[in-house]
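Data block below; observations after.
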Amino acid sequence: MPVIELKNISRSYRNGQVFINALENINLSINEGDFISIMGPSGSGKSTMLNILGCLDRPTSGTYEIAGRRVEKMGDSELADIRNQLLGFVFQSFHLLPDLNALENVELPLIYRGLSGSERYKRSVKALKSVGLEQRIHHRPSQLSGGEQQRVAIARAIVGDPKVLLADEPTGALDSKTSESIMEIFQELNNQRGITIVQVTHEKSVAEYGHTIFHLRDGKIEHVENVIKQK
Ligand code: ADP
Ligand code: ADP
């Protein structure tokens, strides 16, 4: 079942008299439980695509349906609801709050949901456990390695039980060995919890953790690559 369906999505930007088509007639269907990677040269539309998928931006034309809800015409507050209820975000630079410890960072999205303190604690510890950080819950970001910080960010992204995890260069700030361990966590979330994952990456070895790689060029899907897993 598709959890995400983009039909004829275009997004153009106006620069004075000039229009730039950042995305042109994109059709994309992502099933529940998929693990998708998006690659492409700089300027090919990756960020625009992720911003639209993440309900941070609206397409200029076309339709976007996520979990059966049409979002392309929604207003800002409805889009914020979709982000809070259905999506989790992971970034290249972690985006943790430096004055909060790991646990408090992970609890943040739950505060907006009005959950009780004990419920927040329970869920956040569980999320930190699932990324292997139960021994570090009282550490601040500055006391953690890059890989550990990204694991806190992943715990924060999944603590609200999102349907889809969106990741923007999740390994861009990490060495290759740490990158592998982050991808193994993504694999586990995907295999064992059925979370749908969409990641943008420059690194082929990271992209290949996905089942399918979409190669963007000049705002179009140039090539769809099915990853053959070799074990
Ligand atoms: P990528 O993430 O692959 O580098 P982007 O989605 O950032 O690509 O950009 C796609 C195209 O849209 C580029 O030509 C870029 O210059 C243009 N673009 C992106 N954002 C804006 C903006 N806010 N205003 C004008 N042009 C933009
Ligand atoms: P980097 O990955 O280089 O650190 P950022 O993480 O700052 O870059 O931004 C990546 C994209 O995520 C941006 O295009 C931005 O619009 C989007 N973004 C920024 N803040 C949020 C947020 N709170 N929730 C979801 N997306 C965000």
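In each ligand, atom 1 is the first atom listed, and ligand 1 is the first ligand listed.
- For the pair S47 and ligand 1, the shortest N or O to N or O distance falls below 3.5 Å.
- A salt bridge links E119 with K122: at least one charged nitrogen is closer than 4.0 Å to a carboxylate oxygen.
- Side chain of S10 to backbone of N25: a donor-acceptor contact under 3.5 angstrom is found.
- There is no protein heavy atom less than 4.0 angstrom from atom 15 (C) of ligand 1.
- Every atom of ligand 1 is numbered from 1 in the order shown, and the set under 4.0 Å from a heavy atom of S44 is 1 (P), 3 (O), 8 (O).
- Panel note: side chain K46, backbone G40; a donor-acceptor pair is recorded below 3.5 Å.
- Of the N and O atoms on the side chains of E32 and T196, not one donor lies less than 3.5 Å from an acceptor on the other residue.
- The backbone and the side chain of T48 each have at least one atom closer than 4.0 Å to an atom of ligand 1 (non-hydrogen atoms only).
- Note: F35 and H211 have perpendicular aromatic rings, judged against thresholds of 30 and 60 degrees for the angle between ring planes.
- Between G40 and ligand 1 there is no heavy-atom distance shorter than 4.0 Å.
- For I20, no nitrogen or oxygen atom sits less than 3.5 Å from a nitrogen or oxygen atom of ligand 1, counting backbone and side chain alike.
- Between K204 and E225 a salt bridge is recorded (basic side-chain N to carboxylate O distance below 4.0 Å).
- From the protein, the heavy atom lying nearest to atom 8 (O) of ligand 1 is G45 N, 3.1 Å.
- Within the structure, the closest approach of P41 to ligand 1 falls below 4.0 Å when heavy atoms are considered.
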